[in-house]
Amino acid sequence: MTARQDLSSGPARLARCLAAPVAIAAIGALSPALARTQAAPAAAQASSSSSAPAPAAVVQTLPKPQPQEEAPPDRSADPNKPIISDKDFDDSLPALTDTETAPSTPPTSATAQETAQTPQAPMAPVVTPDDTELNAALPALEGYDVQAVQNSGPAPAVPPQIEYHTSVDGLAEIGQYDRFRTLSALHAAKGKAANVAMIRARANEDQALALRLMKSAGYFDGTVSATIATPPQDDKQIGKPVEVTITAVPGKPYKFGLIAVDAQPTIPPDLIRSSLPLHPGDIIVADQVLAAEANVSLVLPEHGYPFAKVGSRDIALDAKTFVGDYSLKVDTGNRSTFGGFTTDGKLAFDARHVAVLKRFRSGDLYDSRKVDDLRQELISTGLFRTVSVEPVRTGKIDADGNETVDLAVHQQAGPSRTLSAEGGYSTGEGLTISGTWTSRNLFPPEGALIVSSALGTQEQSLGVTFRRSNDGQRDRTLSFGASGAHTVYKSYEAFTSGFTGSVARVSTPIWQKVWTWSYGAELLNSRERATVPGTTLSQFETYYLANIPLQLGYDRSDDLLNPSKGYRLGAQGGPQFSLSGAGASSLRAVFDASYYYPFNPKTVIAARVRLGSLLGGSVATIAPSRRLYAGGGGSVRGFAYQALGPLDATGRPTGGTSLVEASVEARYRMGDLGIVPFIDMGQVYASDLPNLSDLRVGVGVGARLYTNFGPIRVDVATPLIRKANDPLVALYVGIGQAF
């Protein structure tokens, strides 16, 4: 069929066939078979293009063509008239049968040889109506169960490896060996390779690396070579590594010559040049150049240029003098001042409250440090999944030529509710587990509702607090609360309920503040049981108290939970009024000071002292819960909670009206673990002021596990001189350092 289709495609293809008399004779011998092919059923023709396998081809030989006796036709009258008409050509084609076989005599003429050399199109298979299997549709691919080929043979052998040793010359002298070793392909493979070609590829990479490092250090004329020495293949050298040597010849370093900056005028005029710490005569070191340019990008936005862009640099090297002239292009943009605020996204609060958090006023010169401070304060609210702040041009130019820029705050509010729990144990206080549920933005902006509870062997409490952060101004917190508690200690037992309100500025783990303060008011109703002085009897007394608590702190330490240097000062107290019932009014004052000294990179020496006094009352007339106590994990370790000071007739502590405490510890850290030996001392007195007599001392050692939120503390201590009621060993567990 293919031969027939080729010839029936039109006069042009036919004319090409006529140009070859030998080919025409061959085609004429095949004419009977081609005629029968034309008579094949249409179904067979349709099936011939399927993907079924073709039957074996019928081989036929061509008889020797006979010479033509007729004279060629005269074409002078009509040159376009064909030599043979289509009808005569079709009639001359022989019929093609499936049963026809090839003659036994092979062709020997030139026609047969040329036919054998001429590429023939493959014969399409002839399919009869009886071939039902070939006419059947192929099954769907989903019907096949395709399974991975299981290789049951032995595992492929691991290709042998060869070892090599790398030596580097010339880079240590210019301070680049350590960087080379960190980035080296040869060193990264740890001296093993599949073959020498792999070693050569790694050596080529390290050649280019060494060249880049030399140029980055100012050695632009340096050269690098790599040699690979394989050991001789004899019995004595078997197993010896291949020696790879990287040899660098740095040459002479290039130094800065002229340093120029191409930029618009700035205020002050030398703002850019002074922030570019490059000097003539310095070696051209790439890291220093990049750091200097980064410093320009940092300083300009801090001095009123929020849209400054550092452009391209140019260094013209002189190979004769080994000097490079440096120039830098800077687009400063307009000098700008702060304008207003815009905000978008999923809002936690609006732009009006964003303005409360700023530390600048509209019209102040733009300073990126103040923008970063605002971003940090937004993060510290805990209300955002993501938040960003960026300056936006307004096109407004003031009389001084400064452009006003607004700050666009992009918010994505996060979950505002949290549920937290914590636990602790100490020998004096027992086990305590507390939990807190907080909805931080229940009353926007930043109005939180907090429900807290504690369940312990010596304390059970429940409290509800409303707190508004950044109330009207940044860092001011307004809170109101109601609480009820039952506490049982050796010194007293109390059932207390009350209402509190305060205004405060406090530090948080995210935002540590230098100055902190608070003031407020408390109304308390407390039913307390204590020992009757001079007897072994105890009785309940009811106290109605009004307090004005005050607190002031100054913090110059470097960390809130794990300080390593600096100091802290604090004072707290205030007047305590007895409204009715038992008790007397008094003035409470407690002073704290702590100091942190980094003795070496791994050791911090920490010291603390506390002094306290209650003026205007005696131990007998002040409510037991309002007296001064010492002893325990946050006080003098080695003793039970609130165990120091005067004792009643039963040997229970009564508390006092003055106290003194002091502690020293050495915090030695080893990675995420630490060990802390310490010594504490202190005492409580019944006098108005501490007299420093009969000081009790506890010694011990602690372990620290440092985490990203602060150290976990475990301290074990014992009294230095034990008395009858003192514990043999006291254990304390908590979060954060002891002080």
Side-chain angles (χ1 to χ4, degrees), residues 263-264 266-267 271-272 275 293-311 329-417 439-448 468-477 508 510-513:
Q264 301 98 317
T266 61
I267 301 176
L271 178 61
I272 299 177
S275 62
E293 295 172 357
N295 191 61
V296 173
S297 299
L298 180 67
V299 169
L300 285 175
E302 293 177 352
H303 292 78
Y305 297 91
F307 307 106
K309 295 181 180 179
V310 175
K329 292 184 178 181
V330 179
D331 180 9
T332 62
N334 292 333
R335 194 166 184 257
S336 303
T337 58
F338 286 113
F341 293 91
T342 62
T343 187
D344 57 36
K346 184 180 179 182
L347 303 185
F349 42 74
D350 57 19
R352 186 175 181 178
H353 188 67
V354 172
V356 172
L357 306 181
K358 61 182 175 61
R359 292 190 187 274
F360 52 85
R361 295 176 298 179
S362 297
D364 288 351
L365 186 66
Y366 183 93
D367 189 339
S368 61
R369 292 168 293 188
K370 295 180 180 179
V371 178
D372 293 338
D373 174 81
L374 174 61
R375 182 186 301 108
Q376 183 73 12
E377 183 66 18
L378 289 167
I379 294 172
S380 70
T381 64
L383 297 176
F384 299 100
R385 192 184 304 275
T386 61
V387 61
S388 62
V389 184
E390 64 174 350
V392 178
R393 295 179 182 271
T394 64
K396 300 177 182 178
I397 307 298
D398 62 17
D400 296 328
N402 301 325
E403 181 179 3
T404 301
V405 297
D406 291 340
L407 294 181
V409 179
H410 307 293
Q411 303 183 32
Q412 283 298 322
S416 61
R417 299 180 181 88
S439 181
R440 295 188 301 276
N441 205 30
L442 184 62
F443 308 99
E446 296 192 72
R468 186 179 296 282
S469 301
N470 300 302
D471 181 48
Q473 68 181 49
R474 177 170 168 171
D475 299 331
R476 184 172 67 183
T477 301
T508 66
I510 296 178
W511 192 263
Q512 184 177 358
K513 300 174 178 64

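- For Lys358 against Arg361, the heavy-atom pair with the smallest separation is NZ-CA, 4.1 Å.
- Between Thr266 and Arg335, the closest side-chain pair of non-hydrogen atoms is not below 4.5 Å.
- Under the 3.5 Å distance criterion, the side-chain polar atoms of Asn441 are matched with a main-chain donor or acceptor of Glu446.
- A distance of 8.0 Å separates OH of Tyr305 from CG of Asn402, quoted to the nearest 0.5 Å.
- Between Arg369 and Pro301, every side-chain heavy-atom pair lies at or beyond the 4.5 Å cut-off.
- Of all the heavy atoms in Val392 and Ala408, the pair that sits closest is CG2-CB, 3.6 Å.
- Here the side chains of Leu407 and Phe360 are in contact, with some heavy-atom distance below 4.5 Å.
- Heavy-atom minimum distance, Pro391 versus Tyr366: CG-OH, 3.6 Å.
- Distance CD/Glu302 to CG/Leu271: 10.0 Å, rounded to 0.5 Å.
- Here the side chains of Asp400 and Thr337 are not in contact, with every heavy-atom distance at 4.5 Å or above.
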Pair Phe307, Asp331 - check side-chain contact (heavy atoms from CB on, under 4.5 Å), show working.
CA-CA 8 Å; Phe307 307 106; Asp331 180 9; over 6 Å; no
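- Here the CG-CG distance, from Asp475 to Leu357, works out to 8.5 Å after rounding to the nearest 0.5 Å.
- Across all non-hydrogen atoms, the minimal contact from Ser469 to Thr477 is CA-OG1, 4.3 Å.
- Rounding to the nearest 0.5 Å places CZ of Arg476 at 11.5 Å from CZ of Arg468.
- Rounding to the nearest 0.5 Å gives a distance of 15.0 Å between CG of Asn334 and NZ of Lys396.
- Using a distance-only test at 3.5 Å, with no hydrogens or angles considered, a donor-acceptor pair links the side chain of Gln264 to the main chain of Thr332.
- Taken to the nearest 0.5 Å, the CD atom of Gln512 stands 13.0 Å off from the OG atom of Ser380.
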Run the side-chain donor-acceptor check on residues 339-351: report pairs under 3.5 Å with partners two or more places apart or on a different chain.
from, atom 1, to, atom 2, distance (Å)
Thr343, OG1, Val409, O, 3.0
Thr343, OG1, Gln411, NE2, 2.8
Asp344, OD1, His410, ND1, 2.9
Asp344, OD2, His410, ND1, 3.2
Asp350, OD1, Arg352, N, 3.3
Asp350, OD1, His353, N, 3.1

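- For the salt bridge (charged side-chain N to carboxylate O under 4.0 Å, His left out) test, residues two or more places apart in sequence or in another chain that qualify with Asp373 are Arg359, Arg474.
- Looking at residues two or more places apart in sequence or on another chain, you find a salt bridge (charged side-chain N to carboxylate O under 4.0 Å, His left out) between Arg375 and Asp372.
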Next on the checklist: The test is side-chain contact (heavy atoms from CB on, under 4.5 Å); show your working for Arg440 and Thr381 and say whether it passes.
Outcome noted: CA-CA 9 Å; Arg440 295 188 301 276; Thr381 64; over 6 Å; no
